Amino acid sequence: AEMFGQLTTGLETAWNKLRGVDVLSKENIAEPMRDIRRALLEADVSLPVVRRFVQSVSDQAVGAGVIRGVRPDQQLVKIVHDDLVKLMGGEVSELVFAKSGPTVILLAGLQGVGKTTVCAKLAFYLKKLGKSCMLVAADVYRPAAIDQLKILGEKIDVPVYAEGVDVKPAEIAKHGLEEAKKKSINVVIVDTAGRLQIDKSMMDELKEVKQALNPTEVLLVVDAMTGQEAAALVTTFNIEIGITGAILTKLDGDSRGGAALSVKEVSGKPIKLVGRGERMEDLEPFYPDRMAGRVLG
Ligand code: GDP
């Protein structure tokens, strides 16, 4: 409950106002619904998402009637829970693997979001699923990023393909994929350059790398601390280069929840994995139902 602490507390205010009522009604949910709206906005959930969510929950609550053995406040909690799950995509969105040959996963993201760390974490995660992996260092603007990837690769015993900083990223990626094919590697994870902000050259380069690889997954790494801005980024990258999903990092920090709750609804693309720490073990699938459970405390 740490992560969404403030949101959880805000929602509790809503339930508490329904103690002692016999049945949910338009009148008695008005104030709790305002509390829910406020809590979501304070958690940095995107405004259109909040509006739709509150409308949907209100409609269901008013028509809920009396359920024997279930208090009205519990009924509202259940409605909110189920709508939160829906908001986050419902089911777990699994990684897709290529039917034949190596699966290529292209990772994109702005600088500092945890992309390089995610590359290694993802390889570590897939290794545990029995897949052999290779990391490809196509971030040619920061020599430190290549070194960092090599160090992480060594740590988890996964080969890292690099050609230094003088070769074009699309070329490095292509060569890396050829190498992986020769070695019958199952999954190739490609680290690309991040910038401080979106710019045209970054998008053009990503398009080139994507074209050279024909990847199975194109995942945008976003930082949970950036709230609804993360959802906007997923939208932009999807429009610009076409992505298959997002990876949300730093869920262990004091992020308020806006990113987790906004990405799917705003961008149409699912969050597939979440990072919740700096260790290699700290990457897991994004489970909408567990996440909703955490929001509700
Ligand atoms: P990049 O610039 O996107 O490649 O980011 P890095 O992978 O270098 O990560 C930037 C910083 O964020 C590093 O100090 C990482 O250890 C840290 N980091 C990455 N993922 C997480 C996470 O899930 N939780 C926390 N707390 N820190 C993370």
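When a ligand or atom number is given, it counts from 1 through the structure's own listing order. Since the model is a prediction, treat every value here as computed from it, not as a measurement. FYI, the numbering just counts along the sequence from 1.
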**OP:** Using a strict cut-off of less than 4.0 Å between a Lys/Arg side-chain nitrogen and an Asp/Glu carboxylate oxygen, indicate whether D82 and K86 qualify as a salt bridge.
**Re:** no
Original post:
Is any NZ, NE, NH1 or NH2 atom of the basic residue among K181 and E178 found under 4.0 Å from an Asp or Glu carboxylate oxygen of the other?
Top reply: no
Original post:
Above 12 or not: heavy atoms from other molecules or residues under 6.0 Å from CZ of R290?
Top reply: no
**OP:** Give the protein residues with at least one non-hydrogen atom closer than 4.0 Å to an atom of ligand 1, ordered by chain and number.
**Re:** L110, Q111, G112, V113, G114, K115, T116, T117, K121, R142, Q148, K250, D252, G275, R276, G277, E278
Subject >> Electrostatic pair E179-K183, nearest N-O below 4.0 angstrom >> reply: yes
**OP:** Examine K131 relative to F97 and say whether NZ or CZ is less than 6.0 Å from the centre of the six-membered ring and inside a 45° cone about the ring axis.
**Re:** yes
Original post:
What's the spacing between D282 CG and T249 OG1 if we round to 0.5 Å?
Top reply: 11.5 Å
